[in-house]
Amino acid sequence: MDFRVGFGYDSHRFAPDRPLVLGGVHIPFEQGLAAHSDGDVLIHALCDALLGAAALKDIGTHFPDTDGAFEGIDSTLLLARVVELLHKKGWRVNNIDCTLILEQPKMKPYIDEMTQQLSRLLDLDPDRCSIKAKTNEKMGFTGHGEGIAATVVASIIQ
């Protein structure tokens with residue numbers, strides 16, 4: 001059995017008049033995230049972690065923001081395509097460990113729903129899908145409430 005690990009990171013600034021979507025879940029909040037797609041930083045970081053683990057480059061290579069086909073796209077569709085790419089190479093997801101970095105909104109009420117959503121999309125048992133949220137103690141762009149960042153470590157097996 002072959003085993004690999006990948007790391008992903010993404011960040012987006014807040015933007016008015018956009019829905020906030022994290023981990024494929026709509027979060028009630030007065031702002032969303034500025035992006036070419038729906039701005040789901042958690043799924044974008046997850047895609048990069050999975051692609052990196054399989055040495056398949058990065059999310060921007062597969063879904064460039066210069067391509068109108070991806071404008072406003074639901075990031076769960078991007079994740080589904082990444083999973084297809086992994087399967088074509090004989091890989092499957094073993095586990096993921098995700099961290100959202102933000103001051104607001106509070107994530108605790110949505111973590112279980114995000115876990116269920118990502119587990120379903122990855123065909124992964126929920127106990128292999130960890131999602132956490134941390135503040136940045138009012139430091140940096142996330143701490144000042146300017147946006148949200150996400151990190152993901154993912155392992156894949158063949």
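Note that the coordinates shown come from a computational prediction; the quantities given were computed from them, not determined experimentally.
- When the side chain to side chain donor-acceptor pair (under 3.5 Å) test is applied to Thr115, no partner is found at least two apart in sequence or on another chain.
- Heavy-atom neighbours of Lys134 NZ from other residues, nucleotides or ligands within 6.0 Å: at or below the threshold of 12.
- The side-chain contact (heavy atoms from CB on, under 4.5 Å) check on Asp58 picks up Asp48, Thr61, with sequence neighbours excluded.
- One distance of note links CG of Leu20 with CD of Gln31; it measures 9.0 Å at 0.5 Å rounding.
- For Leu77, the side-chain contact (heavy atoms from CB on, under 4.5 Å) partners are Ile73, Asp74, not counting sequence neighbours.
- In this structure, Leu42 and Leu118 have side chains that are in contact, with non-hydrogen atoms separated by less than 4.5 Å.
- The main-chain N or O of Glu71 is found under 3.5 Å from a side-chain atom of His36 such that the two form a donor-acceptor pair.
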Can you list, pair by pair, the side-chain donor-acceptor contacts under 3.5 Å of residues 140-158, counting residues two or more places apart and other chains?
residue, atom, partner, partner atom, Å
Thr142, OG1, Asn136, ND2, 3.4
His144, ND1, Gly140, O, 2.9
His144, NE2, Lys138, O, 3.4
Ser155, OG, Asn94, ND2, 3.1
Ser155, OG, Asn95, N, 3.4
Ser155, OG, Asn95, OD1, 2.3
Gln158, NE2, Lys89, O, 2.6

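- By the side chain to side chain donor-acceptor pair (under 3.5 Å) test, Arg120 pairs with Gln117, sequence neighbours left out.
- The aromatic rings of Phe63 and Phe70 stand perpendicular to each other, their planes meeting at an angle above 60°, with 30° marking the opposite boundary.
- The shortest side-chain heavy-atom distance between Pro105 and Ile27 falls under the 4.5 Å cut-off.
- Under the rule for a side chain to side chain donor-acceptor pair (under 3.5 Å), the partners of Asp10 that lie at least two apart in sequence or sit in another chain are His12, His44.
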